[in-house]
Amino acid sequence: MNLELNIQTLVAQSVKELYKLEIETNQIQLQKTKREFEGDITVVVFPFVKAARKSPEGAGQEIGEFIVKHNSLIASFNVIKGFLNLSINKSYWIDLLNLIHLNPNFGKAETAAEQNTMMIEYSSPNTNKPLHLGHIRNNLLGFSISEIQKANGWKVVKTNIVNDRGIHICKSMLAWKLFGNSETPTSTGIKGDHLVGKYYVIFDQAFKAEIKDLMSKGFTEDEAKKTAPLIIEAQKMLLAWENNDPETRKLWEMMNGWVYAGFDETYKVMGVDFDKIYYESETYLTGKSEVERGIKSGVFTQRDDTSVWADLTADGLDEKLLLRADGTSVYMTQDIGTAKLRYDDFDIKKMVYVVGNEQNYHFQVLSLLLDKLGYSWGKNLVHFSYGMVELPEGKMKSREGTVVDADDLMEEMISTARETSEELGKLDNCTELEKAEIAKMVGLGALKYFILKVDPKKNMTFNPKESIDFNGNTGPFIQYTHARIKSVLRKADDLGLNYRNSIDNQIEISDKESYLIQLVGEFPAVVKQAGEEFSPAIIANYQYELVKEYNQFYHDFTILKEENEQLRLFRLVLSDAIAMVIKTGMKLLGIEVPERM
RNA sequence: GGUCCUGUAGUUCAAUGGAUAGAACAAGUGUUUCCUAAACACUAGAUCCGGGUUCGAUUCCCGGCGGGACUACCA
């Protein structure tokens, strides 16, 4: 039985005996004792003072006496206002450290023989332009959430739905056809996704020019947008694509091929991957047939112009278009098809979509539509909705050229890490290969941590200057602490010290040290909470707190030069355990930690 | 107009309904014959406004005010 549960049980017993109160043990509030007070664990006694007809101090005193009498692990207690602060025997903490240190899977839930499958969709790019900062948050969250759920005992299938068809791709294709002069990634040396993105921009510029021209001839803006020759041509291309026109398909395959090669490179640097990739071009037909099935069963209706709609007004929403009048499908259509195929392909217990909060409405509708189509799982889809990434000067706008490109940003972070290492002379004894590896770990660590430490639900501001900082509450600070510990452990190894065995629980340790063990002991609960709340930020904040405490310890105490041999071994074991938790925790964030930096 | 999200130091972020609201950055000052100073320590600074529930509210509820998203035959 763990100590917290034990204390809760004793408190319940004590209020029953003392005040004849029946309280559920899990209703007893425990918290870590605040730093400025004596003790390790605090019982909040306010909830029962009224019924006990005692003062908070009186009740605390009586309960404290009861607990100390019945559990020898509680060394002493003090009461301040309605807070009962318990001091735990140091031997308990040393025993706990010994257990943690021997457990290589510490922090992870035990995996059941029959694991449930959670499918997590993230990334979901369009193939008409390269990935940007918004995609970075999406990818990092999706990957990290996947790791966290694995640690919580789920079998995770990471998936990606590539929006490889649609009007946006046709725009790039058309622009390339008209203005491209047969450029290719090879002929230009431009990364494939960037090259296709370039033509998307060119389309937009030419389209705008046409609109302006039409408006000068007396058309309204709306009319101009609908009748400009370029948009008509792009729509024709979409139709040709859906009708399997060989020439259009060939161009589409070629340009998408460029984009995939580019994306693969970006994903590789970012360190994210997928178990199963779906392409809209392969799922939208299933979506269409599902919609047709819906018309037959009467849940959707076809209008006179042949467009198809779902009426969701009874659910408090609007009407939703599912097929255009020209028969082509929309975003929602393919999402219906993709969902169905996924449930056909896998035994999914929980389906999670990592998609920005601007699509909250979309997923509300998707869930309802699938339910109307008769899928029992429709209402159980989880939209993991995260906030926008903004720049200090506001939203990213492609028009104004303020979009932060993913490749550029990662490269910049890595080269800055490299420069900083060199300025500090940290890697003078490393090979060129090691230097490059460490710069990559640190640069990406800074970027990833900067983004993941923020509560996913909230919008966040991305300040390039601050994200590139390596001091304070940053990824590199945590990585640095790991490297420091590893350096000490290497020296301990050189000295032939054996810190693999259990530590005698009778040695005298400081409050700082027992507090560090208490913090380390919280790790499994933190992982569990991060899984339940889908929040890598909870892991990140915990890691920072742990590392900050450790650095104080490192500063104030000596490890290798400690003369008491048992104490020296204890500090090595403590350091080793903390390095282990740092490494495991950072891995849950998709961040690697170096042995030296 | 409707639906949803959000408002904490100058800035970026924390705080299961619990003690004197924590950090970091930015500013200033100190610490190295000692295991990595990418560190540690010190100084200054905040809950948008008004009600309600509660022994106790940054947190929950209601009403304002401010910011954002969605409400496309875009994705």
Side-chain angles (χ1 to χ4, degrees), chain A residues 29-31 33-37 42 44-47 49-50 56 80-83 85 124-126 128 163 166-169 226 235 280 303 305 307-309 316-318 320-326 328-332 334-335 356-362 364 385 387-388 390 392 395 417 420-421 423-424 426 442 446 450 453-455 457-463 465-467 469-474 476-481 483-492 495 529 533 537-538 540-541 544-545 548 551-562 571-572 575 596-597:
Chain A
Q29 292 181 54
L30 296 187
Q31 52 189 256
T33 304
K34 286 222 163 202
R35 303 306 302 279
E36 55 265 43
F37 303 107
T42 294
V44 182
V45 302
F46 289 110
V49 296
K50 204 173 185 181
I80 296 168
K81 296 185 192 170
F83 298 94
N85 303 319
S124 312
N126 294 347
N128 62 325
N163 299 301
I167 190 72
H168 49 291
I169 286 89
K226 281 179 184 155
Q235 280 160 354
E280 274 188 10
R303 292 185 181 168
D305 67 357
S307 62
V308 179
W309 298 75
L317 303 175
D318 290 330
K320 182 72 193 175
L321 176 87
L322 298 173
L323 287 176
R324 297 191 186 97
D326 67 3
T328 57
S329 60
V330 294
Y331 183 43
M332 188 61 78
Q334 46 236 17
D335 257 3
N357 63 12
E358 80 271 17
Q359 292 191 36
N360 286 352
Y361 184 76
H362 175 81
Q364 214 180 331
S385 165
M388 305 275 89
E390 289 168 14
K395 283 195 72 176
T420 309
S421 299
E423 273 171 31
L424 295 171
K426 289 282 182 178
V442 174
F450 186 85
K453 76 176 178 185
V454 181
D455 181 349
K457 289 195 298 280
K458 293 189 175 174
N459 287 359
M460 64 173 291
T461 306
F462 184 86
N463 187 327
K465 279 187 192 131
E466 281 177 23
S467 70
D469 209 328
F470 298 154
N471 302 315
N473 187 359
T474 65
F477 174 61
I478 297 169
Q479 291 171 317
Y480 171 72
T481 308
R484 264 183 149 180
I485 294 174
K486 285 296 177 181
S487 172
V488 173
L489 295 178
R490 275 193 300 273
K491 289 203 163 70
L495 292 169
Q529 196 197 349
E533 297 184 21
I538 290 172
N541 288 321
Y544 176 63
E545 194 189 345
K548 202 171 144 52
N551 273 311
Q552 287 169 6
F553 162 75
Y554 183 95
H555 182 267
D556 295 342
F557 293 76
T558 158
I559 301 172
L560 292 172
K561 296 208 167 148
E562 169 57 45
R571 289 180 183 156
L572 286 167
S575 300
R596 66 188 84 222
M597 68 182 270

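Within every chain, numbering begins at 1; the chains are lettered A, B, ... in the order of the sequence lines, protein sequences first and strands thereafter.
Pairing partner, B/A44: none, since no Watson-Crick or wobble contact has both distances short of 3.5 Å.
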Pairs: protein N or O with nucleotides 41-48 of chain B N or O, under 3.5 Å:
{"unit_1": "B/A41", "atom_1": "OP1", "unit_2": "A/Gln552", "atom_2": "NE2", "d": "2.7"}

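Using a 4.0 Å cut-off, some side-chain N or O of A/Arg484 falls inside it from OP1 or OP2 of B/A37. OP1 or OP2 of B/U36 has at least one side-chain nitrogen or oxygen of A/Lys491 nearer than 4.0 Å. A sub-4.0 Å separation between OP1 or OP2 of B/U6 and a side-chain N or O of A/Lys458 is absent. Not one side-chain nitrogen or oxygen of A/Arg490 sits closer than 4.0 Å to the OP1 or OP2 atom of B/U36. For A/Lys34 and B/A19, the shortest distance from a side-chain N or O to OP1 or OP2 is below 4.0 Å. The side chain of A/Asn471 contributes an N or O atom lying less than 4.0 Å from OP1 or OP2 of B/A39. One finds a side-chain N or O of A/Lys81 lying less than 4.0 angstrom from the OP1 or OP2 phosphate oxygen of B/U20.
Centre separation under 5.5 Å together with a plane angle under 30° does not hold for the ring of A/Tyr480 and the six-membered base ring of B/A39, so they are not marked as stacked. Applying the 5.5 angstrom centroid cut-off and the 30 degree plane-angle cut-off, the aromatic ring of A/Tyr554 is not stacked upon the base of B/A39. Both geometric conditions, a ring-centre gap below 5.5 Å and a plane tilt below 30°, are not fulfilled together for A/Tyr544 over the base of B/A23.
Scanning atom types as modelled, one donor and one acceptor separated by under 3.5 angstrom connect the side chain of A/Thr42 and the base of B/A19. Between the base of B/C25 and the side chain of A/Asn463 there is no donor-acceptor pair shorter than 3.5 Å.
Within the 3.5 Å criterion, the main-chain N or O of A/Val330 finds no donor-acceptor partner in the side chain of A/Arg324.
Of the C1' atoms belonging to B/A75 and B/G18, the separation is 46 Å, rounded to the nearest Å.
Counting only heavy atoms from C-beta on, A/Asp305 has its side chain closest to B/C73 among B/A19, B/C73, B/U36.
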